[in-house]
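To find a chain, count down the sequence lines: A is the first, B the second, and so on, and within it residues start at 1. These figures come from a predicted structure and were not determined experimentally.
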2 protein chains.
Amino acid sequence: MSANNKTEDYTVKGSEPVELDERKMKILTAIIQNYLESGEPVGSRTISKYTDLNLSSATIRNEMADLEEMGYILQPHTSAGRIPSDMGYRIYVDNMMKVKEEALKTKEAEVDDMKEFLIKKVDKVETLLQNMAKMLATNTNYATMISAPHMHKNKIKFIQLSQVEIHKLLCVMVLEGNIIKNKIIEVDDEINNETMLKLNILLNSSLNGLALDEINLGIISRMTNQAGEHTNIVRTVIDAVAEVIVAEEDVEIYTSGATNIFKYPELSDSDSASKLISTFEEKQLLSRLVVDDSERRDIQVYIGDETPVQSMKDCSVITASYELDDGVKGTIGIIGPKRMDYEKALSAITSVKEKLNSAFKKPEE
Amino acid sequence: MSANNKTEDYTVKGSEPVELDERKMKILTAIIQNYLESGEPVGSRTISKYTDLNLSSATIRNEMADLEEMGYILQPHTSAGRIPSDMGYRIYVDNMMKVKEEALKTKEAEVDDMKEFLIKKVDKVETLLQNMAKMLATNTNYATMISAPHMHKNKIKFIQLSQVEIHKLLCVMVLEGNIIKNKIIEVDDEINNETMLKLNILLNSSLNGLALDEINLGIISRMTNQAGEHTNIVRTVIDAVAEVIVAEEDVEIYTSGATNIFKYPELSDSDSASKLISTFEEKQLLSRLVVDDSERRDIQVYIGDETPVQSMKDCSVITASYELDDGVKGTIGIIGPKRMDYEKALSAITSVKEKLNSAFKKPEE
DNA sequence: TGTTAGCACTCCAAACAAATGAGTGCTAAT
DNA sequence: ATTAGCACTCATTTGTTTGGAGTGCTAACA
């Protein structure tokens, strides 16, 4: 269908199923950048002046007609300017990231107005992540989320049982990264001090250093054997541990800046706003953004319909994963309008990612 | 200024600085009830048909003119119907509560579609409160909040120090109501098992049964004396305990149903919605709703400007306090439009209040 | 052959103008 | 004291007009 396609000599990387003139690319970029700022459809005259191409508006118009036919831009209505299509954003972002990739590698993230002290000061993981999410939201003016690292690959560092009341035991687990979990366990038997000591030794010697999902039937049966007369208590405790793991299955997610969406009129109408904000309130819906497949590329940009979360189909979503320990990962997310400042957002999320990576790094490494 | 005031024989309770005809009261009530449902200004004709007073619209009009002059209702503009003023709501609510008070006392709260199992099942306070807030929001279609009981009057039930790493101790505190707090403490010294045991005995014997704000200098100095060579560790631990208390100063607050406000057009415009939802996101702003003065009446209704939270001046707010133990209180709140269904809201909040009271009651009582 | 000026055309948005109708206040009669 | 009746007000709705931004196309130009 395309009329003139003498452009193969420019676009090189054969991966994308598209062929774009250098000039067309420049024009598309100009349209998008303009639209990112203004949020209004942009016309040929604007581009003609805005770019250094020195082309008349008429020429631009022709090119724009082509770009529209190819699906990169679209008109809200006849005789309006053009706005980028999802496909347009996509090629823009991909292109941008190709360029930025090296730049980001060499220079360390520059968004360093994030106060370092946050990390030092805070000893609770929850607070740290909540603060980070807030900071990221404030810096970018988008909505943000950070998922707590999912635990099932995390290792038990320390486990302790203590008697709180006559039939109530407190079980405290400390995981790698100093994440603390506790649970009250009700037991039928009465337990004396000595037994308690034995139980604790048994628990620690059997479980320490194990990742949560490494606790299998073999280990369990070995433990119950060694427990002697206290088999049922050990069983109860293991059940409790299991419950902690299960509870952690639906990961905890911290969000911030949900109300930032009101800064973007295209998302502010009562209907979309309501749906979006609900998603942030019912955090579990956000779990679809959490990386589970480790194959995926490091930083991911979803534009419009690409997003895994239904309510965000008019948004763009950027996710990145941070690492706590081998295989133990969490996700950072930025949610904004499709016309988000991708460059800024990417650099901000990269910065947070690095901050979190270093925050969780064990000092001895 | 009022023309005809031969009404003193009806309104009895001399406490309110108002004098309202029985008929005027009926009309006012009719206006309000109508407005609660429709959300639209209500005219004289409507009232004439709606009530059983058998009065023509003209008569109603005269009465309405009086009511407006007295400040109970107002016109959005000339030739529109009337809507209740804050003062109108106020007298309506006060009147209603006077009637309901006894009714509520005798029959137990009827909103018992709240599943009991919630309380049994859940052992974490946070989850319980979060679920309760959610349930209340779902039932009422308003936004809700529940503050965790503030701790400074709560008693320590159990305290334990354990070694997690070479220079890291874990301090776990269990408070009355099985509320668990933990904190990682960094220490300089190395500590052997025996010392640890001694420290734990010292901590428990000194602190158990004490309310957090009963830990004064006397107790602290006695403890440090008994600590012998480990004075500085004890000091560090006490600091940690203090930090837990301080951290608890700005109470934790659980919210739900913030997006319910979009169900009420008068609150849905981008501006108010944004401000309101921000308040729910920055939960600390809600702390002004939390009861601190125990003098206050049991259930409180704030209408419009009366609310202590600035961003809610176009809303009505209902708060109630629940009790965990002597003096340890938390607050439940419902936030909705001024034209909220006060009756339903009051009965719902009462029900939750009772549920929480009984959930925290110690079984032996 | 690619670029540009010019022009007719489209269509949204804002501005203005009537038409509608719900609701009032007032007056005079009951 | 109550009510019917009537003139009046004013937000809302609907229709009409206008302005202008932006397009597509064609014909001229380098």
Heavy-atom side-chain proximity of Val42(A) to Ile32(A) below 4.5 angstrom: no

As a test of reading the structure: which of dT2(D), dT24(C), dT3(C) is closest to the side chain of Thr59(B), going by heavy atoms? dT2(D)

Give the rounded distance in Å between these two atoms: CG of Asn54(B) and P of dA4(D). 12 Å

Checking Arg82(B), Arg23(B), Lys26(B) against Glu63(B) for salt bridge (Lys or Arg N to Asp or Glu O under 4.0 Å), the one that qualifies is Arg23(B)

Shortest side-chain distance from Ala58(B), nucleotide among dT4(C), dT3(D), dC10(D): dT3(D)

Side chains of Ile303(A) and Lys338(A): does their closest heavy-atom pair fall under 4.5 Å? yes

Interatomic distance where CG belongs to Asp21(B) and P belongs to dA1(D) [whole Å]: 12 Å

Send over the distance from Leu55(B) CG to dA1(D) C1', rounded to a whole Å. 10 Å

Just how far, in rounded Å, is C1' of dT24(C) from CG of Asn62(B)? 11 Å

When rounded to whole Å, the CZ to C1' distance for the pair Arg23(B) and dT2(D) reads 9 Å

Is the ring pair Tyr35(B)/Tyr89(B) parallel, tilted or perpendicular, if the boundaries are 30 and 60 degrees? tilted

Any Arg45(A) side-chain nitrogen or oxygen under 4.0 Å from OP1 or OP2 of dA5(C): no

Does Thr78(A) place a side-chain N or O at less than 4.0 Å from the phosphate oxygens OP1/OP2 of dC11(C)? yes

Regarding Ser278(A) and Thr259(B), do their side chains bring together a donor and an acceptor under 3.5 Å, going by distance alone? yes

Indicate for each nucleotide in nucleotides 14-22 of chain C, in 5' to 3' sequence, whether protein heavy atoms under 4.0 Å reach the base (B), only the sugar-phosphate (S), or nothing (-). ---------

Separation of dC12(C) atom P from Ile83(A) atom CD1, nearest Å, is 14 Å

Rounded interatomic separation in angstrom, taking NE2 from His77(A) and C1' from dA13(C): 9 Å

Below 4.0 angstrom from OP1 or OP2 of dT2(D), is there any side-chain N or O of Ser56(B)? no

Gap between atoms CG and C1', on Leu67(A) and dT23(D) respectively (whole Å): 15 Å

How about Tyr142(B) and Tyr264(B): are their ring centres within less than 6.0 Å of each other? yes

Within the structure provided, determine whether Cys315(B) and Leu267(B) are in side-chain contact (heavy-atom separation under 4.5 Å). yes

Base, sugar-phosphate alone, or nothing: which one does Ser44(B) contact when heavy atoms must sit under 4.0 Å apart? sugar-phosphate

Would you say Arg61(A) places a side-chain N or O within less than 4.0 Å of OP1 or OP2 belonging to dT26(D)? no

